[in-house]
Amino acid sequence: MIHAPASFMAATSIHHPPRGRVREVLIPSLAKRIRPIAARAGVRWAVALLLASAVIGIGGCKRNPQPAQPASSDAAMPHGVAVHPAPPASLHVAAERPQKSELPETKVLDKDTVPDALKRGNEALQAKLFDNGPDSALAQFRSVIQLEPDNQAARSGMDMVYMALLGRAQAKLLAGDVADAQRAVDRLQQMAPNDPAVAALAPRLAKAWKVDGLLARASKLEVGGHPIPPEQPNAAAVYLQALAVDPDSSLAEARLEAIENRYIAPAVGAAEAGRFPEADRLIALAARVRQNSQPLQDATARIVALRQRRASELRAQADAALATGDADRAEALLPEIDRAAPLSDEAVDLRKRIDLTRSYGVLRPRQSFTDGLDSGGRAPEMIVIPIGSFRMGSTAAETGHDPSEEPVRTIAFKRGFALSLSEVTVAQFGQFISATHYQTDAKKSGSSLIYDETKGKLDPRNGVTWRDDSAGNKALPEQPVIHVSWNDAAAYAAWIARESGHAYRLPTEAEFEYALRAGSEGTYPWGNGSPHKSAANVTGSDDISPGGRRWGNAFANYGDGFWGPAPVMHFRANAFGVYDIDGNVSEWVADCWHESYRRAPADASAWMNPGCPKHVARGASWASSPEQARSAYRQPADSNQSNARIGFRLLREL
């Protein structure tokens with residue numbers, strides 16, 4: 001028996017390099033030992049290294065072959081068709097354990113035939129004819145050693161054969177070729193039965209036989225249509241058993257990836273086509289193979305990225321629709337967005353913005369804005385009123401209640417609207433007069449009602465128009481315009497609508513009271529009792545006229561510093577952001593006057609009668625008594641009447 005030298009045996013001790021490291025681990029070890037052996041054998045060491053490389057398959061034996069990738073197109077995997085993994089290209093059949101062969105027969109040599117035998121042995125080495133048959137390297141070198149036991153060339157040749165067989169055993173085990181690995185190990189055991197390197201191959205070989213049997217069983221299950229759970233038994237589970245026995249089994253790994261990919265590839269394809277429910281279904285099937293495999297994680301991440309990208313594209317389309325106020329178009333995209341990104345924060349936010357657009361168009365609650373006018377300048381600044389509901393009117397239990405304020409009814413607003421921040425000013429109304437040369441009712445009649453301090457009441461005065469204040473003097477530009485009739489206010493609103501291209505008008509009674517209350521339910525816009533310090537321009541016991549007069553019926557212990565209209569926005573805004581709606585001047589609204597709310601519209605629309613002679617004025621003025629400052633208070637006025645206490649503000653529909 002030929003025994004490999006101890007130094008060689010140590011260099012080639014059995015190890016199991018990680019997948020893909022055969023070249024880096026095995027060959028440097030072999031190269032280190034080939035050089036002295038080749039020198040003794042009389043061959044170039046590089047030739048010997050090439051020989052060993054060829055034996056163990058460097059450059060030709062792939063440790064982890066990749067399975068063929070199935071097509072992922074829609075044609076390969078039609079929508080709605082059940083997916084089943086393709087069986088292996090050929091059924092893996094369990095290898096049969098080979099019978100041990102005897103050592104090749106030797107020849108009887110003499111000294112003259114030894115050189116020729118050594119030559120044939122080296123030629124057999126180069127031809128990779130190592131150990132089988134009378135022409136093998138093993139047979140030639142053994143024949144020489146039988147004659148010359150100390151022949152170093154023959155012993156080196158035997159070492160080369162041993163090294164080649166050891167390399168073959170290693171390579172065949174790595175490749176899963178268990179039968180060939182067994183043949184190599186059998187021969188090594190014949191050559192060196194006590195060698196630790198050979199002994200170390202035995203448990204690996206036993207493991208390989210077990211894995212080979214599992215692979216054959218799994219292959220039959222695949223072909224039989226039992227690839228994954230809940231089928232019991234199933235191919236995936238058996239392949240996983242094989243990997244549990246040998247984590248480096250490339251065949252088991254390749255088949256698991258092949259089964260996974262038959263679900264993963266069409267899943268990614270479905271996601272790329274936007275069919276995300278189908279992609280989810282297929283990924284769930286792939287997860288039955290291996291829940292945490294790298295291919296599954298990569299595919300899941302890819303599908304998540306595709307979902308996010310599609311959802312972003314759809315949200316951008318929805319955003320563009322909402323920017324133009326097209327809530328219907330945005331809402332039509334919601335189901336597809338939900339399929340791409342179900343229950344996402346962005347989808348929830350989009351739903352909210354669709355609802356806001358339905359209520360407010362392209363604007364938002366409490367947002368202020370101005371519209372440009374075709375003739376130059378801008379319309380009064382507006383603010384968006386939040387939608388909601390309120391109880392309109394008052395009951396008999398309220399102090400100061402008037403029967404015209406009942407029956408109380410609930411008014412709900414599903415569509416927002418915008419009110420001018422303040423009453424229309426003298427300067428703003430003057431812009432209208434300059435552009436249109438409109439003549440107000442006061443101008444046409446030649447007079448309007450002013451506050452006559454000497455009489456303590458409203459009294460007509462000739463020549464008073466919109467340019468004047470409550471006493472008939474020149475008004476400041478920033479004061480609210482007064483001495484305008486309902487007709488004048490409606491004409492101004494119609495002009496702003498034409499100039500801006502938007503639906504401007506006078507507010508209805510319901511819209512005015514809703515904005516006046518601004519969520520409050522008390523008797524007054526500010527609650528109950530006297531207003532807080534400088535809350536609004538209303539009558540107070542502490543107010544004093546320029547002539548030293550005091551109000552006979554006023555809020556106790558209150559004074560705002562004005563006797564007459566104050567400049568607009570002098571007092572604080574209410575909860576909706578509207579100024580002066582709770583005082584300063586009363587304001588015209590769109591509705592005709594009716595003695596009560598019986599048969600009034602159930603919604604917030606104006607209650608109109610063609611040609612009605614009287615309209616409604618709402619809200620307190622600088623001269624209103626406490627009863628007249630109540631949120632529910634309403635008063636009639638002739639449509640062509642003007643006086644020092646009534647102005648108006650605008651509403652714009654959204």
Side-chain angles (χ1 to χ4, degrees), residues 12-22 25-26 56-57 61-67 85 87-100 165-186 188-189 196-262 286-297:
T12 57
S13 59
I14 301 302
H15 58 281
H16 198 176
R19 184 178 296 122
R21 295 198 58 211
V22 177
V25 176
L26 184 57
I56 64 173
C61 176
K62 295 184 180 179
R63 178 69 185 88
N64 186 25
Q66 296 298 315
S90 60
L91 180 65
H92 184 96
V93 179
E96 294 185 3
R97 189 181 297 270
Q99 294 182 350
K100 290 185 179 180
L165 292 175
L166 190 63
R168 174 188 288 175
Q170 292 268 16
K172 294 300 182 179
L173 283 172
L174 289 174
D177 193 346
V178 62
D180 278 356
Q182 182 70 59
R183 292 186 184 93
V185 171
D186 287 345
L188 288 168
Q189 289 175 338
V198 176
L201 286 173
R204 288 189 57 203
L205 192 59
K207 183 190 298 185
W209 280 111
K210 184 175 182 180
V211 168
D212 191 68
L214 290 171
L215 292 176
R217 182 186 177 200
S219 181
K220 289 180 180 179
L221 288 169
E222 265 195 273
V223 173
H226 298 76
I228 62 174
E231 295 285 353
Q232 293 297 336
N234 60 81
V238 179
Y239 284 130
L240 287 171
Q241 290 178 29
L243 282 176
V245 174
D246 181 8
D248 294 311
S249 174
S250 60
L251 291 177
E253 180 72 26
R255 284 314 308 160
L256 281 170
E257 290 189 7
I259 295 175
E260 281 179 325
N261 204 45
R262 284 296 295 176
R288 296 181 185 177
V289 182
R290 290 182 295 183
Q291 289 187 349
N292 299 311
S293 72
Q294 193 60 50
L296 179 66
Q297 293 179 31

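Considering all non-hydrogen atoms of both residues, Ala94 and Ala216 come closest at N-CB, 3.3 Å.
The CG atom of Leu296 sits 9.0 Å away from the CD atom of Gln291 when rounded to the nearest 0.5 Å. Considering CG of Asp186 and CG of Leu201, their distance stands at 11.0 Å, rounded to 0.5 Å. Annotation: the span from Ile259 atom CD1 to Ile228 atom CD1 amounts to 8.5 Å, rounded to 0.5 Å. A distance of 8.5 Å separates CG of Leu205 from CD of Gln189, quoted to the nearest 0.5 Å. We find the CD-CG distance between Gln241 and Leu214 to be 5.5 Å, quoted to the nearest 0.5 Å.
Looking only at side-chain heavy atoms (C-beta outward), Val211 and Val178 stay at 4.5 Å or farther from each other. Side chains of Pro233 and Arg217 form a contact here, defined as non-hydrogen atoms less than 4.5 Å apart.
Within a 6.0 Å sphere centred on CD of Glu96, other residues, nucleotides and ligands contribute 12 heavy atoms or fewer.
With respect to Leu243, the side-chain contact (heavy atoms from CB on, under 4.5 Å) criterion is satisfied by exactly one of Val238, Leu251, Leu256: Leu256. Put simply, the residue from Lys210, His92, Arg255 that forms a side-chain contact (heavy atoms from CB on, under 4.5 Å) with Leu215 is His92.
For Glu253 and Arg290, the salt-bridge test passes: some basic side-chain N is under 4.0 Å from an acidic carboxylate O. Salt bridge status for Asp180 with Arg183: present, with a side-chain N to carboxylate O gap under 4.0 Å.
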